[in-house]
Undergrad: 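Handing you this structure, nothing more for now.
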Number of protein chains: 2
Amino acid sequence: MTGLQGPGPLTRDGTRRSRPVRVAEAIKDWVVERGLQPGDRLPGEAELIAEFGMSKGTIREAMRLLQAQGLVVTKTGPGGGSFVGEVGKDRAHALLGNYFYFRNISIDDIYQVRIALEPELAASLAGRLTPEQLAELGRIMTTYAEPAEDAEGERAQHVASLVFHARLAEFADNALLGFFIGFMAQILADLTVYKRLYSKPNHELWRQGRDHQAGLVEALRNGDAEAARAIMREHMEMARRLMEDQEAVVMKRFMAE
Amino acid sequence: MTGLQGPGPLTRDGTRRSRPVRVAEAIKDWVVERGLQPGDRLPGEAELIAEFGMSKGTIREAMRLLQAQGLVVTKTGPGGGSFVGEVGKDRAHALLGNYFYFRNISIDDIYQVRIALEPELAASLAGRLTPEQLAELGRIMTTYAEPAEDAEGERAQHVASLVFHARLAEFADNALLGFFIGFMAQILADLTVYKRLYSKPNHELWRQGRDHQAGLVEALRNGDAEAARAIMREHMEMARRLMEDQEAVVMKRFMAE
DNA sequence: ACAAGCAATTCATCATGATAGATTCAAGAG
DNA sequence: CTCTTGAATCTATCATGATGAATTGCTTGT
């Protein structure tokens, strides 16, 4: 690791950067340069103290910066220390959720994007799912095989239906597409916890939604990309119309870590 | 702020959480509960130490955790302290970029999503831009009014063209849609710095791209949503074909903070 | 009025020591 | 021989107090 122990504040773009921040960036660069992989060991606290010539507190604050980003994990005990960590999907969702905390995202905003992306995902997944994956989707659908009795049951079914979409997103070969879709499913699932979105069960809409998903799985199994795309689009447009009747909710909370 | 000073590790879901993490979450909840806005003052270091009954180092590490997420900023001096901070677009880009660092995103993955989203953005922006915004887009386009002479010039023009898309994304009413598109523009711009994507200038493609964007701005000015959508789709598909000839690059770096 | 300089406030960093959790491995019970 | 148990040890975690650095705002001199 290079010299950095100079006493000066070492500006970069005019703004002063605190020592922990500079140490964190140095470690990030170090990981990139060496091409370290998740699980790989980073120098221990004591080594970093010696390496950077800084006090324990400063080094620890640097590690906290990296830990918050999900870039490192630390373990105690023999063989413990800091390790390169893969940023998890859930953490990325939370971090991105923070960005939208002060911005007002409406339900309709989410659906505008879903309508554009989910059919694309469905099409690209056609004929590419394993029997196990198809079976899992079918299993999720059994959660809402029967119409909901009350508002609470409707809520539970909607969350389960979002799990269906989230799982589909995880199957995507295109990690970017999968992440965007999974993030939106996460937001919608969180909203159902914090707001009463579902008032009166509507059996007709329930039946349409169930048929859509069943037809979608069948199209995916048959490798019919265009059918999958069409069904998903219709499914999304139906959901958007359903949501339009609900109040325009906005994100007003930090997502769970 | 509630009791938390108990000595026990206070598990939540079975996993033990370190004290700084617990303090950080408590502060997050505190911000949410009080509905604090960016710029609002948080208790000072000394107050937090007294409040939580923990040592300075622990509190400082908690603040680093929040700082890394962009949720707080701290300033020294009188009137200084910690403040609620709005998570910036750039920071959100960087945080999300970390998530994709160990996942292999191909250029084609990005374009699959762009083709689905950018036309949607273009359509929803038609007739909604101010004269100043339209003028700015025109100004960006002048950067590549003439065909590039060499590979380096081509690279510069491509980056400028991505600025066009990024700016368009910032104009979006739909913050979610805007962020996704801006993020992809950011990735592509970064890749051009780190990889030699652009080999031989192609004047015909350059002319098509220029005409597309000029036509797009005109459609936006006229409020012709469908024309804007069609032009953008064609523009994206052209860019995708152009990129297909290039090597399939993947993200292998941490994005700049 | 204006500006240079002083003083107060607050975070930033350092230094050191004690504590607690996790792992390993060997000894003992079954 | 296998499984439990517990001590040893390695590592991060937490605590305390002192010193440094940056910024604000007032004060004072012109």
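Every chain is numbered from 1 and lettered A, B, ... according to where its sequence line falls, protein lines coming before strand lines. Nothing here was measured: the structure is a model prediction, and the numbers come from that model.
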Undergrad: Taking the six-membered ring for Trp, are A/Phe180 and B/Phe183 parallel (under 30°), tilted (30 to 60°) or perpendicular (over 60°)?
TA: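 Judged by the thresholds at 30° and 60°, the geometry between A/Phe180 and B/Phe183 is perpendicular.
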Undergrad: Considering only NZ, NE, NH1 and NH2 on the basic side and carboxylate oxygens on the acidic side, decide whether B/Glu45 and B/Arg60 come within less than 4.0 Å.
TA: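 Yes, this pair counts.
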Undergrad: Roughly how many Å is it from CG in B/Leu42 to P in C/dC11, rounded to a whole number?
TA: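 The distance from CG of B/Leu42 to P of C/dC11 comes to 11 Å, rounded to the nearest Å.
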Undergrad: So, OP1 or OP2 of D/dC10: does either fall under 4.0 Å of a side-chain N or O from A/Thr76?
TA: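 For D/dC10, OP1/OP2 do not have a side-chain N/O of A/Thr76 under 4.0 Å.
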Undergrad: Distance alone, cut at 3.5 Å: any donor-acceptor contact between the side chains of A/Gln112 and A/Asp108?
TA: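 Side chains of A/Gln112 and A/Asp108: no pair found under 3.5 Å.
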Undergrad: Taking NZ, NE, NH1 and NH2 as the nitrogens, is one of them in B/Glu170 or B/Arg167 under 4.0 Å from a carboxylate oxygen of the other?
TA: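 Yes, this pair counts.
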Undergrad: Tell me: NZ of A/Lys75 to C1' of C/dG21, nearest whole Å?
TA: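 The answer, rounded to whole Å, is 13 Å.
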Undergrad: Any salt bridge linking B/Glu61 with B/Arg19? Criterion: basic side-chain nitrogen under 4.0 Å from a carboxylate oxygen.
TA: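 Salt bridge: no.
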Undergrad: Scan nucleotides 4-8 of chain D against the protein and return all N/O pairs shorter than 3.5 Å with their distances rounded to 0.1 Å.
TA:
none

Undergrad: Between atom CD1 in B/Ile59 and atom C1' in D/dT13, what is the gap in whole Å?
TA: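 Those two atoms, CD1 and C1', are 14 Å apart.
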Undergrad: Whole angstrom is fine here: how far is it from CD in A/Glu45 over to P in C/dT19?
TA: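 Atom CD in A/Glu45 sits about 18 Å away from atom P in C/dT19.
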Undergrad: Is there a donor-acceptor contact under 3.5 Å from the side chain of A/Asn174 to the main chain of B/Asp109?
TA: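 The answer is yes, because a donor-acceptor pair under 3.5 Å joins these two groups.
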Undergrad: Send over the distance from A/Leu65 CG to C/dA12 C1', rounded to a whole Å.
TA: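 In whole Å, C/dA12 C1' and A/Leu65 CG are 13 Å from each other.
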Undergrad: Within 45° of the ring axis of B/Phe83 and under 6.0 Å from its six-membered ring centre, is that where the NZ or CZ of B/Lys75 lies?
TA: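 B/Lys75 over B/Phe83 ring: yes.
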Undergrad: Establish, from distance only, whether the side-chain atoms of A/Gln213 and A/Tyr144 form a donor-acceptor pair under 3.5 Å.
TA: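 A/Tyr144 and A/Gln213 do have a side-chain donor-acceptor pair below 3.5 Å.
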Undergrad: Please write out each protein N/O paired with an N/O of nucleotides 14-18 of chain D under 3.5 Å, distance rounded to 0.1 Å.
TA:
from	atom 1	to	atom 2	distance (Å)
D/dC14	OP1	B/Arg19	N	3.0
D/dC14	O3'	B/Arg19	NH1	2.7
D/dA15	OP1	B/Arg19	NH1	2.5
D/dA15	OP2	B/Ser55	N	3.1
D/dA15	OP2	B/Thr58	OG1	3.0
D/dA18	N6	B/Lys56	NZ	2.7

Undergrad: What is the separation between atom CD on B/Gln67 and atom C1' on C/dC11, rounded to the nearest whole Å?
TA: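 Spelled out: CD on B/Gln67 to C1' on C/dC11 is 12 Å.
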